[in-house]
A.B. asks: 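Take this structure first; my questions come after.
Values below: all heavy atoms of this structure, side chains included; hydrogens, waters and symmetry mates excluded. Counting convention: from 1, in listed order, for ligands and their atoms alike.
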Amino acid sequence: MTDIKDLEAEIHPLKNEDRKLQEDLENRAKKEDILTRTPPQSRLSRCRAVAFFLSLFICLLVVFVVSFIIPCPDRPASQGTWRIHYNTAVTYDFLATEDVNRDRIQDVLFLYKSTNSSNSFINRSCADEGFSSPCTFVAAVSGANGSVLWERPAAQDGALVECAVPQPRDSGASSACILVGRPSSLIAVNSFTGETLWSRPSSFGGNASVLRPLLQVPDVDADGAPDLLVLTREDGEVHGYVHSGSTGHQIGRRGSLGVDGTSGSLLHVTRAGAPYILLPCAGSLCGYSVKGLYEKVTGRDSPLKKDPRWEGMLNATTHRLLLHSSGAVRFLMVVPGKAGEDLLLVSSEACKLLDGQDLAPRWTLSAAQVLRKPVLGYYKPDTWAVVIENGTGTDRQILLLDLSSGAVLWSQVLPGLPGDPQSASLPTADHRSAFFFWGLHELMGTNQMEPGDAQHSLYMFHPTLPSVLLELANVSANIITFHAVLFEPSRHAACLLLTGPASPDVPGLVSVAKHKVRDLILSSRVVHLAEGGPDSDETVRDRFSRLRYRSEA
Ligand SMILES: *[C@@H]1O[C@H](CO)[C@@H](O)[C@H](O)[C@H]1NC(C)=O
Ligand SMILES: *[C@@H]1O[C@H](CO)[C@@H](O)[C@H](O)[C@H]1NC(C)=O
Ligand SMILES: *[C@@H]1O[C@H](CO)[C@@H](O)[C@H](O)[C@H]1NC(C)=O
Ligand SMILES: *[C@@H]1O[C@H](CO)[C@@H](O)[C@H](O)[C@H]1NC(C)=O
Ligand SMILES: *[C@@H]1O[C@H](CO)[C@@H](O)[C@H](O)[C@H]1NC(C)=O
Ligand SMILES: *[C@@H]1O[C@H](CO)[C@@H](O)[C@H](O)[C@H]1NC(C)=O
Ligand SMILES: *[C@@H]1O[C@H](CO)[C@@H](O)[C@H](O)[C@H]1NC(C)=O
């Protein structure tokens with residue numbers, strides 16, 4: 001019976017007798033009355049209340065102090081776009097970024113050649129540094145607003161420059177820009193102040209042409225800074241000059257590498273820890289051990305290593321790598337591999353990934369006419385891809401290849417001009433990359449182009465939207481260098497453009513400009529590569545605008 005009653009009560013709680021409820025309430029009230037009247041318990045609850053209000057008060061006070069009294073550290077306002085000009089100047093294919101004024105926004109370093117520094121606030125002229133006018137200036141401008149941080153004459157004529165070269169701790173500068181000048185000078189400039197750290201005449205022969213780039217080789221004189229290796233080509237032969245990284249003094253004599261070669265060398269450390277210089281040479285690829293070169297220039301033993309495996313692969317007289325046989329080397333890059341570094345080699349006939357240890361080809365892309373240096377980025381999350389540009393003119397094709405397998409991930413015909421700048425990439429927060437390509441405005445167009453009014457157009461691509469390109473900008477000036485740079489960690493990606501006269505003999509307008517990528521996206525033109533994409537232009541721009549960038553680890 002009672003079971004049924006209870007059940008009924010559960011099913012129809014509202015039908016429950018009021019009296020029972022009343023009783024319940026009364027009982028509870030009595031109990032509470034008794035509880036509150038008990039003296040120790042009441043003191044406890046008062047204590048609790050005091051503690052509660054006190055902690056609440058402290059919390060509010062902290063919030064108040066943090067939000068109103070302690071000021072936030074001032075974040076310097078960064079302008080999305082700035083541009084600076086130099087009249088009657090020429091410039092060089094060099095742009096570097098480094099936080100010069102320590103405001104946590106990358107600043108921009110570049111070179112220009114002019115009669116006098118255009119900035120009257122900085123009053124050092126060419127003659128003050130012992131050069132005749134015009135001479136080459138190094139300038140550092142604020143990445144935030146384009147104001148000049150420092151600029152100074154540094155060479156009669158610039159040949160090679162390398163920034164962010166580490167300096168020994170006692171030199172007072174953590175990093176330096178090293179400039180190899182023509183006809184014969186070598187100078188290290190403190191990146192943060194523009195002051196001279198050291199300056200030496202170089203001993204290159206009068207007819208020597210300096211080969212790019214300036215290589216940093218292991219520190220053999222144990223002064224805490226990597227040593228510098230300048231390769232020159234004199235009378236059809238490559239010579240090496242080793243200089244101390246901390247004083248600029250030449251170490252030993254010049255050493256001949258016994259080969260003829262061109263620019264584009266690199267330093268590769270084998271897995272056995274032996275450093276080798278690799279350089280494009282007379283239609284092939286040549287290698288030379290750094291140990292061998294040191295011993296040649298100093299006449300002394302060097303603590304560096306040679307790799308027996310590599311010695312076996314190099315012809316001892318011609319220094320050619322024996323297994324390489326696919327035409328003149330155009331580009332050579334050290335790329336991340338599965339077990340250490342591998343080598344990406346672009347020759348006149350093919351593009352190859354070589355194992356960094358035994359130089360065995362991992363994959364080969366034949367029938368490719370690659371005239372611009374490949375660029376790395378991520379197409380799939382955390383997986384390296386390489387951008388290859390096949391051909392020029394209306395047939396040019398952009399290929400995104402998986403770096404480890406050589407498989408084509410994405411390809412697109414994008415007509416381009418031989419003078420277009422190099423592509424670029426920036427890692428995004430989703431562990432992929434945004435890619436930047438240059439091309440002609442008339443995508444897929446077969447209109448004949450007049451060389452005079454050729455416009456370079458900048459395109460942006462992201463792997464999550466593979467059927468869309470965004471035309472960010474049209475530039476008609478002659479572009480010397482282009483970089484895509486993350487100015488502040490995880491925000492503020494921007495394009496940097498250095499434009500100037502095409503010929504170093506005809507001075508003109510040199511300009512450096514920064515354009516924030518997000519601002520460019522707002523005014524961009526959406527190019528649908530496939531018919532009938534589901535997204536409207538506005539949605540596409542929105543998705544590109546929402547991309548977050550990350551600094552590379
Ligand atoms: C360059 O600067 C020097 C000294 O500051 C000055 O005498 C000279 O007239 C300037 N030359 C030009 C072309 O402005
Ligand atoms: C540059 O100007 C400052 C003050 O305006 C002066 O002290 C300095 O000597 C000048 N430097 C040169 C190289 O003329
Ligand atoms: C530019 O920014 C720097 C800090 O990055 C600041 O010191 C300078 O005053 C700014 N100049 C202008 C013209 O806003
Ligand atoms: C430079 O080259 C020219 C011709 O190629 C030659 O006559 C001259 O002697 C060379 N000068 C030096 C310093 O080697
Ligand atoms: C090295 O090259 C020279 C000249 O081309 C050639 O005569 C020689 O046989 C080569 N040596 C080896 C081991 O291949
Ligand atoms: C590169 O382009 C040429 C024509 O311009 C074409 O024949 C060749 O197949 C292309 N190579 C690749 C790998 O797509
Ligand atoms: C580039 O120029 C073309 C015409 O010359 C124009 O249609 C296009 O919208 C421009 N692109 C941008 C991003 O301004």
Side-chain angles (χ1 to χ4, degrees), residues 81 258-260 281-288 308-326 330 344 346-353 363-372 374 385-402 405-418 420 436-447 449-450 452-461 468-477 495 497 515-528 537 540-541 544-545:
T81 301
V259 297
D260 189 4
C281 64
S284 183
L285 178 64
C286 289
Y288 206 98
R309 196 148 180 188
W310 275 55
E311 292 302 315
M313 290 188 295
L314 284 168
N315 181 321
T317 48
T318 62
H319 299 285
R320 292 190 184 190
L321 281 163
L322 298 176
L323 37 81
H324 171 71
S325 61
S326 50
R330 291 209 180 109
L344 185 68
V346 177
S347 71
S348 53
E349 285 155 27
C351 179
K352 279 185 185 180
L353 183 76
W363 51 260
T364 302
L365 181 79
S366 42
Q369 281 297 315
V370 184
L371 300 172
R372 244 183 292 275
V386 57
V387 181
I388 305 274
E389 296 179 38
N390 180 26
T392 53
T394 48
D395 297 331
R396 186 186 69 156
Q397 199 185 12
I398 305 244
L399 299 167
L400 269 159
L401 310 181
D402 184 281
S405 69
V408 177
L409 299 167
W410 184 81
S411 78
Q412 176 61 40
V413 174
L414 184 63
L417 294 170
D420 278 339
F436 299 86
F437 312 119
W438 287 88
L440 284 175
H441 162 64
E442 274 308 319
L443 250 192
M444 275 84 82
T446 45
N447 308 4
M449 321 155 223
E450 309 241 341
D453 52 34
Q455 258 193 344
H456 304 273
S457 296
L458 174 62
Y459 294 93
M460 183 176 179
F461 169 77
V468 172
L469 279 182
L470 221 51
E471 187 181 80
L472 293 182
N474 295 318
V475 178
S476 47
C495 294
L497 268 181
H515 301 278
K516 193 172 181 177
V517 170
R518 197 168 302 159
D519 294 349
L520 292 176
I521 290 171
L522 292 181
S523 60
S524 65
R525 190 171 68 91
V526 179
V527 183
H528 292 277
D537 289 3
V540 169
R541 278 191 211 104
F544 274 94
S545 291

A.B. asks: So, for Arg396 and Gly391, which heavy atoms are closest and what is the spacing to 0.1 Å?
C.D. replies: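 In terms of heavy atoms, the two residues are closest at CG-O, 3.2 Å.
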A.B. asks: Any side-chain heavy atom of Leu371 sitting closer than 4.5 Å to one from Arg330?
C.D. replies: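 They are in contact (side-chain heavy atoms under 4.5 Å apart), so the answer is yes.
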A.B. asks: So if I count the atoms of ligand 5 from 1 in the order they appear, which ones are less than 4.0 Å from some heavy atom of Thr318?
C.D. replies: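 Once the distances to Thr318 are compared, the set is 2 (O), 4 (C), 5 (O).
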A.B. asks: Asn315 heavy atoms, cut-off 4.0 Å: which ligand 5 atoms fall inside?
C.D. replies: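 So the atoms of ligand 5 that pass are 1 (C), 2 (O), 3 (C), 8 (C), 10 (C), 11 (N), 12 (C), 14 (O).
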A.B. asks: side-chain contact (heavy atoms from CB on, under 4.5 Å) with Cys495: which of Val517, Val475, Asp519?
C.D. replies: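 Option passing the side-chain contact (heavy atoms from CB on, under 4.5 Å) with Cys495: Val517.
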A.B. asks: Measuring from Cys351:SG to Leu344:CG, what's the distance to the nearest 0.5 Å?
C.D. replies: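 Between Cys351 SG and Leu344 CG, I get 5.0 Å after rounding to 0.5 Å.
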A.B. asks: Identify the protein atoms, limited to N or O, that lie within less than 3.5 Å of an N or O atom of ligand 6, and list each pair with its distance to 0.1 Å.
C.D. replies:
| from | atom 1 | to | atom 2 | distance (Å) |
| --- | --- | --- | --- | --- |
| ligand 6 | 2 (O) | Asn390 | OD1 | 3.3 |
| ligand 6 | 2 (O) | Asn390 | ND2 | 2.4 |
| ligand 6 | 11 (N) | Ala367 | O | 2.9 |
| ligand 6 | 11 (N) | Asn390 | ND2 | 2.8 |
| ligand 6 | 14 (O) | Gln397 | OE1 | 3.3 |

A.B. asks: Using every non-hydrogen atom in the two residues, find where Val468 and Phe461 come nearest and quote the distance to one decimal.
C.D. replies: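 Shortest heavy-atom contact: O-CD1, 3.7 Å.
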A.B. asks: Could you tell me which non-hydrogen atom of Leu417 sits nearest to which non-hydrogen atom of Asp420, and how far apart they are?
C.D. replies: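 Closest heavy-atom pair between Leu417 and Asp420: N-OD2, 2.8 Å.
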A.B. asks: Within the 4.0 Å heavy-atom shell around Leu472, which atoms of ligand 7 are there?
C.D. replies: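 So the atoms of ligand 7 that pass are 13 (C).
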A.B. asks: Kindly compute the distance separating OG (Ser476) from NE2 (His456), expressed to the nearest 0.5 Å.
C.D. replies: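 The OG atom of Ser476 sits 8.5 Å away from the NE2 atom of His456.
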A.B. asks: Find out whether Arg320 and Leu314 are in side-chain contact, i.e. whether some heavy atom of one side chain is under 4.5 Å from a heavy atom of the other.
C.D. replies: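 No, side chains not in contact.
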A.B. asks: Should you measure from each heavy atom of Glu471, which atoms of ligand 7 turn up under 4.0 Å away?
C.D. replies: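 Listed by number with element, the hits are 1 (C), 8 (C), 10 (C), 11 (N), 12 (C), 13 (C).
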A.B. asks: Looking at Asn474, which atoms of ligand 7 are within less than 4.0 Å of one of its heavy atoms?
C.D. replies: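 Ligand 7 atoms under the 4.0 Å threshold to Asn474: 1 (C), 2 (O), 3 (C), 8 (C), 10 (C), 11 (N), 12 (C), 14 (O).
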A.B. asks: Relative to the ring of Trp410, is the ring of Phe437 parallel (under 30°), tilted (30 to 60°) or perpendicular (over 60°)?
C.D. replies: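 Correct class here is parallel.
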A.B. asks: Thr317 heavy atoms, cut-off 4.0 Å: which ligand 5 atoms fall inside?
C.D. replies: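 Here the atoms of ligand 5 in question are 1 (C), 2 (O), 3 (C).
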